[in-house]
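First listed ligand is number 1; within each ligand, the first listed atom is number 1.
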Amino acid sequence: MNSTVIYPVPQLEIDRQAQYMRLFSTLPKRPMTYCIMTYGCQMNAHDSEKLAGMLTEMGLTEAPREEADFVLHNTCCIRDNAERKALGNVIWLKELKKDRPDMLIGVCGCMVQEQGMADSIRRQYPFIDIAFGTGTLHKLPELLYEAVERGTRMIEVDEELNTIAEGVPIRRSSPWQTYVTVMYGCNNFCTYCIVPYVRGRERSRQPDDIVREVEDLVKAGVQEVMLLGQNVNSYGRVPETGLDFAGLLRRVSETGIPRIRFMTSHPKDLSDALIEEIGRNPRIMGHFHLPAQSGNDRILKAMNRHYTVDQYMERADRLRQARPDIGLTTDLIVGFPGETEAEFRDTLALVERMRFDSAFTFIYSPRVGTKAAEFPDQVPAEVSTDRITRLIAAQDKQTERVLNGMVGQTVNVLVTDVSRRDAAMLTGKCERNISVNFSGDAGDMGRIVPVTITAASRTTLKGKKK
Ligand code: SAH
Ligand code: SF4
Ligand code: F3S
């Protein structure tokens with residue numbers, strides 16, 4: 001592992017960006033509205049809240065994509081289909097721009113950070129006005145200002161990806177449930193995964209910065225935080241923060257925030273200390289997302305996951321002992337290079353043994369620059385498609401069993417939405433992160449309400465207010 005130095009973005013630089021935010025409003029002819037298109041994971045969703053925060057400070061307001069003066073695509077490149085979707089939409093805008101030449105097109109996020117992408121944007125996509133990678137997100141004010149003021153294209157991609165920017169304004173999309181980043185990047189280099197290349201090395205925020213952010217959220221009435229990181233349970237290692245993830249959870253819960261969730265955890269770093277904290281801390285919700293990826297030891301080794309199926313199951317068992325009501329969910333990949341039918345069946349067997357509440361299932365997608373893309377015996381598409389269909393059917397059965405098993409139980413639901421069809425129908429997530437629909441009134445919005453489950457559908461629960 002190289003010994004990259006992690007450094008905070010200097011306050012001076014953050015102040016300089018704030019200056020650009022103010023200067024922007026003095027430009028005589030400037031974009032007044034924006035639309036952000038977000039692809040990918042929670043990290044990107046939260047990055048988009050920061051992008052929206054900066055644009056709002058600059059005086060822009062949100063508008064539909066067809067009308068917005070500035071359309072920004074926050075892209076994902078985890079699988080080929082994510083990348084194609086984003087590119088397709090960007091190219092669609094090119095047509096729109098023919099009628100509206102003043103419109104600005106921006107692209108940012110993981111795809112821009114891929115090897116050679118900045119060059120290809122420069123050469124092949126002349127209609128893109130602004131592009132920046134995941135490491136230069138906080139520079140949006142400067143890039144937008146310069147693009148408008150000088151009328152030139154602004155493309156800025158930082159190859160280092162070793163910084164943490166504090167103090168970027170955030171426009172949160174929910175008043176009750178919000179994201180808080182605890183660490184950036186990833187050091188694990190699973191052989192299939194592009195994330196370490198486009199998000200950089202693992203780096204943790206300082207506990208005081210995190211706690212201060214959560215304290216402010218509590219004051220604003222937020223009920224639930226989702227602590228974010230590619231591998232949250234390695235929190236605190238680089239730079240050493242003096243606190244591991246279990247310790248951080250304890251400090252965050254001392255703010256009085258009613259509900260804490262976190263994502264994502266790597267099975268190899270799931271410590272006894274963390275399991276104990278989950279067992280004794282009722283503010284931590286009873287849901288654990290623990291990506292298994294495969295149910296076969298040879299495949300797990302080829303994926304560079306650093307655990308065996310037995311070790312995975314042992315960790316899951318310990319979690320269930322510490323917190324018997326905990327719901328486990330997972331990520332699974334089918335068609336990893338060389339995966340045989342028998343090896344795939346081991347994944348099916350894992351799904352049957354583990355009784356996951358739900359699983360995200362993916363067909364392996366080769367990513368340029370990752371090790372697995374060079375592996376022999378890439379699995380044909382039709383074989384992978386057949387496997388994922390069987391895997392989804394197997395998990396659906398388990399989900400049905402789990403959800404039906406909850407009928408009769410009383411769960412606590414954080415009410416976040418009103419049904420569009422029926423204003424008396426409210427919805428929110430229970431502790432296990434399963435959607436619950438029930439009839440209530442507008443006064444329940446944003447509150448945590450006990451609901452007795454009366455019925456289960458394929459993926460959601462129905463209940464009655466207790
Ligand atoms: N850091 C998290 C999430 C990473 S991306 C973790 O380690 O779990 C989310 C999921 O996408 C992964 O868990 C994996 O199941 C899937 N994934 C990543 N790269 C992929 C690829 N090249 N093809 C198919 N699925 C992939
Ligand atoms: Fe990708 Fe593995 Fe890191 Fe998750 S832990 S982001 S799958 S390299
Ligand atoms: Fe995609 Fe980047 Fe997330 S590649 S899954 S948006 S970290």
Side-chain angles (χ1 to χ4, degrees), residues 1 36-48 51 73-86 107-114 117 133-135 137 161 179 181-203 227-235 262-270 288-295 299-300 302-307 312 328-337 339 347 356 359-375 378-379 381 384-385 387-388 391:
M1 191 61 51
I36 301 174
M37 308 269 300
T38 309
Y39 310 82
C41 64
Q42 286 92 349
M43 297 281 169
N44 256 22
H46 188 41
D47 280 351
S48 286
L51 297 164
H73 293 262
N74 190 10
T75 60
C76 169
C77 57
I78 195 84
R79 285 169 292 275
D80 186 52
N81 52 5
E83 197 161 284
R84 264 184 303 161
K85 200 164 115 197
V107 181
C108 65
C110 293
M111 208 173 91
V112 180
Q113 203 70 48
E114 277 181 287
M117 200 40 131
T134 59
L137 178 122
L161 293 177
Y179 297 122
T181 307
V182 301
M183 51 105 62
Y184 298 87
C186 181
N187 281 356
N188 288 321
F189 290 94
C190 302
T191 52
Y192 51 81
C193 186
I194 192 95
V195 170
Y197 304 92
V198 294
R199 289 272 170 180
R201 292 294 64 70
E202 178 181 309
R203 52 212 190 273
L227 306 180
L228 285 184
Q230 289 298 350
N231 184 12
V232 286
N233 42 22
S234 68
Y235 173 81
F262 51 85
M263 208 165 209
T264 302
S265 307
H266 195 301
K268 80 174 161 58
D269 297 313
L270 176 45
F288 206 100
H289 186 63
L290 193 60
Q293 312 299 359
S294 165
I299 296 290
L300 285 172
M303 286 176 162
N304 194 33
R305 289 291 287 181
H306 294 284
Y307 54 84
Y312 179 90
L328 299 183
T329 57
T330 200
D331 290 350
L332 298 164
I333 297 176
V334 301
F336 185 80
E339 184 189 66
T347 301
F356 296 118
F360 294 105
T361 51
F362 306 106
I363 292 178
Y364 167 73
S365 169
R367 306 280 70 206
V368 174
T370 62
K371 269 197 182 160
E374 308 294 321
F375 287 176
Q378 300 280 328
V379 175
S384 294
T385 308
R387 287 180 189 167
I388 201 164
L391 184 59

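Each of the following atoms of ligand 2 lies closer than 4.0 Å to a heavy atom of Cys193: 1 (Fe), 6 (S), 7 (S), 8 (S). Listed by number with element, the atoms of ligand 3 under 4.0 Å from a non-hydrogen atom of Gln230 are 7 (S). Shown in contact with Gln230 at under 4.0 Å from a heavy atom are these atoms of ligand 2, numbered in order with element: 6 (S). Close approach of ligand 1 to Arg367 is summarised as follows: ligand atoms under 4.0 Å from at least one heavy atom of the residue are 22 (N). Heavy-atom contacts of Tyr364 reach the following atoms of ligand 1: 23 (N), 24 (C) (cutoff under 4.0 Å). If you number the atoms of ligand 1 from 1 as listed, the ones under 4.0 Å from a heavy atom of Thr264 come out as 2 (C), 6 (C), 8 (O). Close contacts of ligand 1 with Pro291, meaning ligand atoms under 4.0 Å from a residue heavy atom, involve 8 (O). Listed by number with element, the atoms of ligand 3 under 4.0 angstrom from any heavy atom of Cys110 are 2 (Fe), 4 (S), 6 (S), 7 (S). Shown in contact with His266 at under 4.0 Å from a heavy atom are these atoms of ligand 2, numbered in order with element: 5 (S). For ligand 1, the atoms sitting less than 4.0 Å from at least one non-hydrogen atom of Gln230 are 1 (N), 2 (C), 3 (C), 4 (C), numbered in the order shown with element in parentheses.
In this structure, Ile363 counts as a contact residue of ligand 1, since one of its heavy atoms falls inside 4.0 Å of the ligand. By the 4.0 Å heavy-atom criterion, Gln293 is counted among the residues contacting ligand 1. The shell of residues lying under 4.0 angstrom from ligand 1, judged by heavy atoms, excludes Val195. For Asn231, the closest heavy-atom approach to ligand 1 does not fall below 4.0 Å. Distances from ligand 2 to the non-hydrogen atoms of Arg305 include at least one value under 4.0 Å.
Remark: the Gln293 side chain and the Tyr192 side chain contain an N/O donor-acceptor pair separated by less than 3.5 Å. In the model, His306 has no side-chain atom that pairs as donor or acceptor with a side-chain atom of Asn188 under 3.5 Å. Between Ser234 and Glu202, the side chains place a donor N or O and an acceptor N or O closer than 3.5 Å (distance only, hydrogens not considered). Counted by atom type alone, Thr264 and His289 present zero donor-acceptor pairs between their side chains at under 3.5 Å.
Taking the centre and axis of the six-membered ring of Phe362, the NZ or CZ atom of Arg79 falls inside the cone set by 45° and 6.0 Å.
Under a 4.0 Å N-O distance rule, the pair Asp47/Arg199 qualifies as a salt bridge.
Looking from atom 3 (Fe) of ligand 3 to the surrounding protein, the closest heavy atom is Cys41 SG, 2.3 Å. In this structure, the protein non-hydrogen atom closest to atom 25 (N) of ligand 1 is Arg79 NH1, 3.4 Å. For atom 9 (C) of ligand 1, the closest non-hydrogen atom of the protein is Asp331 OD2, 3.7 Å. At the top of the distance list for atom 23 (N) of ligand 1, counting protein heavy atoms only, stands Ser365 N, 3.0 Å.
When non-hydrogen atoms are compared, ligand 3 lies under 4.0 Å from the side chain of Arg199 (C-beta onward) but not from its backbone. With a heavy-atom cut-off of 4.0 Å, Phe189 touches ligand 2 through its backbone alone. Using a 4.0 Å cut-off between heavy atoms, Cys76 contacts ligand 3 through both its backbone and its side chain. Of all the heavy atoms of Tyr192, the ones lying under 4.0 Å from any atom of ligand 1 are found in both the backbone and the side chain. Counting heavy atoms under 4.0 Å from ligand 2, residue Pro196 touches it through the side chain alone.
Counting heavy atoms from C-beta outward, His266 and Gln230 have side chains that stay 4.5 Å or more apart.
Nearest to atom 5 (S) of ligand 2 by heavy-atom distance, out of Asp269, Asn188, Ile333, Asn187, is Asn188.
Residue side and main chain included, Cys186 places no N/O/S atom under 2.8 Å of atom 1 (Fe) of ligand 2.
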